[in-house]
Amino acid sequence: MMQFMLLFSRQGKLRLQKWYVPLSDKEKKKITRELVQTVLARKPKMCSFLEWRDLKVVYKRYASLYFCCAVENQDNELITLEIIHRYVELLDKYFGSVCELDIIFNFEKAYFILDEFLLGGEAQETSKKNVLKAIEQADLLQENVDFQTRLFAAPT
Amino acid sequence: MSDVVEKTLTALPSLLSLDSQPGAAKLSSTSKLGNLIRGITELTSKHEEEKLIHRELASIKEQVSSPNTSMRQMKELMVRAIYCESLGYEASFSYIHAIKLAQQGTGLEKRVGYLAVSLFLNENHELLLLLVNTVLKDLQSTNLIEVCMALTVVSQMFPKDMIPAILPLVEEKLNHPKEIIRRKAVLALYKFYLIAPNQVQHIHNKFRKALCDKDPGVMTASLHIYLQMIQENAEGYKDLTASFVSILKQVVGGKLPIDFNYHSVPAPWLQIQLIRILSLLGKNDQRTSEIMYEVLDESLRRAEMNHNITYAILYECVKCIYTIHPKSDLLEKAAKCIGNFVLSPKINLKYLGLKALTYVIQQDPKLALQHQMTIIECLDHPDLIIKRETLELLFRITNTQNVVVIVEKMLEFLRMSTDDYTTIDLVGKVAELAEKYPSDCVCFSYKNYTYAPDNEWFIETMNTVFSLSGDTMQPDIPNSFLKLLSEGFESVEEDRKLRLFAVDSYVTLLKGETGKLPQFFLQVISWVLGEYSHLSEELKPATVLELLQKLLDRKQTSSETKSWALMAMTKLCEGRAGVSVAQQVSETYISSMDTVLRQRAQELQHLSQDSELRARVLPRDADLEPLEVDSSLSFLDGFVSEALAAGAAPYKPPHQRQEELSQAKVLSLEPYGLSLPISMSSCSIADRQSPTLLSMSSGLSGDSTDLSHKGGSTTLKFEGVKRVWGKEGYLAQKESVEEAVQVEAPSPLRSTSQQAEVVGSHSQTPTLTPTPEPEQEKQQLASSLFFGISSQSSVCLMGKSGPTPQRFRRKAKGQSSSSGATEQMSNSVVFTSTTVDNLLCNNPPDSTITSEVDVSSSKHTSELPQGLTAANGTCDIEAELTDSDLKGSSPPLSGDNGLENADPDPHENLDKPQGVCLSSHLPAELSGLCRSEITPLCTLQNLDLSACHVHREDTIVLVVFITNSSDSAVQHIRLDLDSELLEVSCVSESPAKDVRSVAVYLYSLTVRRPAVHVELAGTVSYQVPVGTPQTAQFSYKLPLTAFIRPLTVSTEEYGTMWLAFSHDTKQNLTLINDGQEPLVATLNVLRKKLQLHVVEVIGVEGILACKLLQDQPCLMHFRVHEGALAVWLRSPVPDLPDCLIYHCQRALQEH
């Protein structure tokens, strides 16, 4: 099971964080700081996996963003790497050639997509189409609500 | 539904274009979040950022608490608050507003509210309780999106104690028509299973239904639960192996919709999950393993594309193949696969290759030989992760010949390591190796042309370990080291040499710079000097005393170390000089603030003056009779029971005290007037503290076995080593390796010459041309590392894989015989369950027994996955529908609620007069016994069926009455009964001879697997002289209590049994308060209603015992605690405690 996922920039700025295990804020900050440091210090040709405390950290860099997941020891590292990739694909499809700024300004959307893809630390839905469909439907609903409120607001 | 999808898809491009403007320029120009973000990026210093954020937070705070803020604005504010929090600033004032937003908002607002809650709070946060109502409301909403949101938040975080409040609603969602809702509901249940397994135990059948879901997504989600459950108890799910295999077969065969493909590999996540499940099921089980060989082979074959995802599947396959019962051709393929990984130029794959090697190396040491050059290279890899993994690999292949080199490599790594976690781990491993090998090295050293591990090596290695580890070491390392020194080995002379060497080396160390030595090490040194410095002839006690005194005087020395040093001095202070030093030192410390130090100083003072007493207290070279330590402190039992009798509170272990403290804060489940299941509402399930142990000596001795068990854990871990190995295939091949290493080594490299660019520079021809110098070094290293794996491998590795030479004579009393007994029991359970399957399979195909048993029977499930693809892969339908088998299997799939139809509530149409007259037909030997009411089972044209069960002391007898109500004679009455949970055997039949007579059938029942209620399904068939044969189905339900009998045991027997049982459950029940002593009253009710035996009642505690027929005991411990009754049940039978708890609750409620 995935323990947590972090997205941070090359400058070490945290962009997204998702924790699947209950931890205190203090602990989360400590872990984030340590991991960001460790990962940023690694050279490009190095292995994408880290043994860190009793967990395994799998990370990958996409342009200026690092995607970093911590999984349990018996979990498959390569598939975790592909989970990251699938998430990037989803973001890319949704935002249309996604860049760091999209994630900064629309981080709540990025979280929504993540929640449709991973739930409770496990891959919830691996079909790209289905994930996007779920997101679109929620967005569509919002459109309708907005439309209705405008409709009702108009006469007054 | 397809309309909705259509619409969504057409709306998609327009939606995307809204959001896809690069850099989100649209947003940033208007929104406040955009302004904030841009503001921050423009700042130059951390200080300015802080100021800006604080200003921002203040403004957010003001607006959120204003009553005029609309939900839409609130949403916007919440997003900003999330942003500030993610920058590391606290915005706790907004938490409550996030909950409010989730409650009151609509659509996106609600969604942001839920998101904020899940980001702000963790599952232990108390504010989360306020979310429960909102979740409840949304779960019942007609808006699917809202249900989805609620399920999403539930599967991320939900207060454990509140699960019962929403569980029925989530369960209901498993039947929802939309697959996305079913999927999320399954994941929510998975989450519940993880945090509170007991609470979802009753819905395991529904998990099976989810596994058979026609939507692959829902099925995939259910695998998470299965993986978890199988990890905990593989035996219970063996019957599903065929189903998992057939699902995997279909996935691999590309039968899933193309949507599930990932880079043209079909559903890789699903494949990996299934392979992991299979490897758990096939572990140590040849029969189950055989079922999966074919599909694993196919998986290996199909995964040939050069992409990460196929490697991920391959890696999982390899691990699986080496975990399950071995099959030689699969192993060969897996070994080739590992080779591809190890030799890959991609570093990630190389890493996994090393990991896979580490995993399989003990079974197949030859593989390490094949890749030895790669391993050597990895040992010097610039990436520490690779290096570390290589050491891990070497650690697994150490033997007497290579231990020195491997330990040296590990120490080298330790010197560079900066990470505490790695250091602790490695130090432990080095110490383990060092302690394991020196004993038998002596005999090997002559033929060893590298270095032999000997006394010097051992002491020096340990010195390095101690000084490198700093103070982060696990304390058992110095302990076991000292134990080793004191207990010694076989040869007295060797022992003396070892100790002498230690003393000499420590004296040298103490004479040098001691500032950097860790405290642990100083303590070890002190002890050794105190105990053994007399062995050295040239060393005078005065010198040692002086060194110790110097140690005492140092500022950095901790007071614990000082007391070790004082102890050592007490042993050494003889002669005039010694006494004077002792006096001097003791005077300094006799007034110390530290009580332990003061104590030691006192001892030193007194013993130094009285040499006779000292010789008695601290005898030199005492016969090291292994001290019998009564760790259970049983000699205090008398004292404890006296104190208890005098009214002292019973002892609670610290963890329990803490638990109780935290429980004081827990809310009760009552406030929500929800339709909770009756069983749940009366008890607070959260309250799971363990009842105090009765003051039974046996209760405590349990701890002592635990201790010895822990003690044994420092020995080498041989997990995953199967001794089944070598019987076929591999030992035979090993002979080919028996050539010298140097010859063997290069050949595999050549054979894989297509990978030559990777290892090309290192590949060697077997001819004896001189090799370049660095190569030679590597070769040398290789030969020293892999020495003993080649020619002697069968002796060293295989022969030793079991009990490796242990230096510590630890008593392995951890494995008590009781665990063996339970094992046997579970085996027998398996055996019986397989026979059931066979029974079911032999049934004629047209006899569809309607009951939930269908879903789980192997016959049906094995075919379910076919139905699954048929429902999804539209292209396959025509092809598969012609298959009549498929059609035949589909009804049980959808119709598992046929149970209700087939089972009319027996109490509703209870026919009393009939019951009275039927009872006269009871056989004489049963008539006087306690029995249930006679309930009608089913009515046919000519026959009426009724049944009751009769409690006998040692069995339960089911009596079925068949009454011929018509005027025509009935022939060939056939009655078949079957149940998954029960074993049914026919005792007697007395067929009716005449018209209007009653036939009585007797069956004796035994519980195969406990459940709250056990159910029988039956078929009756008969023939009337004219007309076609008739059949009808019926079912009969009995509560588990019918099978419970009192178990008469003494308190002592109870004590020993208690410890032996592994399955337990704890819960709080309500006490009955009707005038008399509540505990006694409650226990009396339980005793009467459930037929329990009260073993003993002491004060506020009571112990009861019962057995499930025939003789499966269950022990119960009751304790009154804060107005509730804390119950703790234990039994060797899984599920029995849980079922009994349920009946206890019912019994108390009905009272």
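Letters A, B, ... are given to chains in the order of the sequence lines, protein chains preceding strands, and every chain is numbered from 1.
Contact annotation for D92(A): neither backbone nor side-chain heavy atoms come within less than 4.5 Å of a heavy atom of chain B. The contact between Q231(B) and chain A is made entirely by side chain atoms (from C-beta outward), counting heavy-atom distances below 4.5 Å. For a residue to count as touching a neighbouring chain, one of its non-hydrogen atoms must lie under 4.5 Å from one of that chain's; by this rule T220(B) does not touch chain A. If you measure heavy-atom distances from E90(B) to chain A, you find no contacts under 4.5 Å at all.
Using a 4.5 Å heavy-atom cutoff, the side chains of V112(B) and F112(A) are in contact. With contacts defined as side-chain heavy-atom distances shorter than 4.5 Å, the pair N76(A)/R276(B) does not qualify. Under the 4.5 Å side-chain criterion, counting only non-hydrogen atoms from C-beta, Y190(B) is not in contact with L119(A). A 4.5 Å side-chain heavy-atom check between E125(A) and E179(B) finds every atom pair outside the cut-off.
Counting heavy-atom pairs under 4.5 Å between each of Q124(A), Q74(A), E51(A) and chain B puts Q124(A) at the top. Comparing H263(B), H224(B), H125(B) by heavy-atom pairs within less than 4.5 Å of chain A, the highest count is held by H224(B). When the candidates V21(A), V98(A), T38(A), D115(A) are compared by the number of heavy-atom contacts under 4.5 Å with chain B, D115(A) comes out ahead. Per-residue counts of heavy-atom pairs under 4.5 Å with chain A were compared for Q273(B), M157(B), K184(B), E316(B); the largest is that of K184(B). With chain A as partner, the option from Y262(B), Y351(B), F260(B), Y311(B) having the largest number of non-hydrogen pairs under 4.5 angstrom is Y262(B). The choice from L384(B), L144(B), L194(B), N122(B) that makes the most heavy-atom pairs within less than 4.5 Å of chain A is N122(B). Chosen from K128(A), R15(A), K18(A), the residue pairing most often with chain B at heavy-atom distances under 4.5 Å is K18(A).
With salt bridges taken as basic N to acidic carboxylate O contacts below 4.0 Å, one links K355(B) and E77(A).
Other residues, nucleotides and ligands contribute only 12 or fewer heavy atoms inside 6.0 Å of the NZ atom of K13(A).
Expressed to the nearest 0.5 Å, how far CD of E108(A) lies from NZ of K75(B) amounts to 7.0 Å. Taken from NZ in K129(A) to CD1 in I258(B), the straight-line distance is 10.5 Å, to the nearest 0.5 Å. Summarising the geometry, atom CD1 belonging to I79(A) is positioned 6.5 Å from atom CD1 belonging to I313(B); distances are rounded to the nearest 0.5 Å. Distance check, rounded to the nearest 0.5 Å: OG1 of T310(B) to CG of L78(A) gives 9.0 Å.
Remark: F67(A) pairs with Y62(A) by the ring-ring contact (aromatic ring centres under 6.0 Å, His included) rule, at least two apart or across chains.
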Check your understanding: Between V79(B) and F107(A), is a side chain to side chain contact (heavy atoms under 4.5 Å, CB included) present by the stated rule, with each step listed?
Key -> CA-CA 9 Å; V79(B) 172; F107(A) 61 86; 3.6 Å; yes
Exercise for review: Might you work through the side chain to side chain contact (heavy atoms under 4.5 Å, CB included) test for Q228(B) and M1(A), ending with a clear yes or no?
Suggested key: CA-CA 10 Å; Q228(B) 198 65 33; M1(A) 196 182 97; over 6 Å; no
For residues 25-35 of chain A, please give each side-chain donor-acceptor pair under 3.5 Å, one per line with the distance, not counting sequence neighbours.
from, atom 1, to, atom 2, distance (Å)
K29(A), NZ, G88(B), O, 3.4
T32(A), OG1, K28(A), O, 2.5
E34(A), OE2, R53(A), NH2, 3.3

Only pairs under 3.5 Å count here: list side-chain donor-acceptor contacts from residues 39-49 of chain A, not counting sequence neighbours, and write none if there are none.
from, atom 1, to, atom 2, distance (Å)
R42(A), NE, Y59(A), OH, 3.0
R42(A), NH1, D383(B), OD1, 3.3
R42(A), NH2, C47(A), O, 3.0
R42(A), NH2, D383(B), OD1, 3.1
R42(A), NH2, D383(B), OD2, 2.7
S48(A), OG, N348(B), OD1, 3.4
S48(A), OG, N348(B), ND2, 3.0

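In summary, the side chains of Y20(A) and Q156(B) do not present any donor paired with an acceptor at a separation below 3.5 Å, with no hydrogens or angles considered.
Residues of residues 80-88 of chain A having a heavy atom under 4.5 Å from any heavy atom of chain B, listed by number: L81(A), E82(A), I83(A), H85(A), R86(A).
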